[in-house]
Peer 1: 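Starting off with a structure, shown below.
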Amino acid sequence: MGDRIRLLGALDEAGSLSVGECLPAFRETRPMAGLASLVLQRFVEVELDQARIGPETAVRRRRD
């Protein structure tokens, strides 16, 4: 839960971050697994306009 709060707080401040900038927020879980979990739970969304997700892919907080 701490990882989620840290990342969502950072996204609230910045608006969006790259995948590479999001990874240091994870301390309790493995970074990519934690980010993927937040995407699947629909807390955040990633920009999928590229062929693959990489360090520069944009991550935003999902607003519904």
Side-chain angles (χ1 to χ4, degrees):
M1 185 166 188
D3 292 342
R4 180 176 72 191
I5 291 169
R6 266 189 298 284
L7 181 59
L8 293 179
L11 289 171
D12 283 343
E13 283 186 28
S16 71
L17 297 169
S18 69
V19 168
E21 294 170 321
C22 291
L23 299 183
F26 292 92
R27 298 179 191 155
E28 300 167 11
T29 61
R30 293 182 300 158
M32 282 307 293
L35 183 58
S37 175
L38 292 176
V39 170
L40 292 173
Q41 293 177 53
R42 298 182 179 210
F43 284 106
V44 299
E45 56 188 24
V46 294
E47 186 176 297
L48 297 176
D49 294 342
Q50 303 165 356
R52 341 176 190 171
I53 295 174
E56 298 302 319
T57 302
V59 178
R60 292 180 190 82
R61 185 169 183 163
R62 190 176 165 121
R63 305 276 185 198
D64 286 335

Peer 1: Does R63, at its CZ atom, have more than 12 non-hydrogen atoms belonging to other residues, nucleotides or ligands within less than 6.0 Å?
Peer 2: yes

Peer 1: Determine the minimum heavy-atom distance between M1 and E28, stating which atoms define it.
Peer 2: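 In this case the closest contact between M1 and E28 is N-OE1, 3.5 Å.
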
Peer 1: Minimum heavy-atom separation for S16 and R60, please, with both atom names.
Peer 2: CB-CG, 3.6 Å

Peer 1: Minimum heavy-atom separation for L17 to C22, with atom names?
Peer 2: CB-SG, 3.8 Å

Peer 1: What heavy-atom pair brings L23 and P31 nearest, and what distance separates the two atoms?
Peer 2: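 Reported closest heavy-atom pair: CD2-CB, 3.6 Å.
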
Peer 1: Please round to the nearest 0.5 Å and tell me the distance separating atom CG of L11 and atom CZ of R62.
Peer 2: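 It comes to 14.0 Å.
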
Peer 1: Working note: R27 + D3, criterion side chain to side chain contact (heavy atoms under 4.5 Å, CB included); need CA distance, chi angles, decisive distance, verdict.
Peer 2: CA-CA 6 Å; R27 298 179 191 155; D3 292 342; 4.0 Å; yes

Peer 1: Just so I know, are the side chains of T57 and D49 near enough to count as touching, which here means a heavy-atom distance under 4.5 Å?
Peer 2: no

Peer 1: Tell me whether the count of non-hydrogen atoms from other residues, nucleotides or ligands lying under 6.0 Å of CD in E13 goes above 12.
Peer 2: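 No, the 6.0 Å shell around CD holds no more than 12 heavy atoms from other groups.
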
Peer 1: Would you list the atom pairs, donor with acceptor, under 3.5 Å between side chains in residues 32-44 and any protein atom, with sequence neighbours excluded?
Peer 2:
from: S37; atom 1: OG; to: Q41; atom 2: NE2; distance (Å): 2.6
from: Q41; atom 1: NE2; to: S37; atom 2: O; distance (Å): 3.4

Peer 1: With rounding to the nearest 0.5 angstrom, report the CD to CG distance, E21 to L7.
Peer 2: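 Separation between the atoms: 11.0 Å.
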
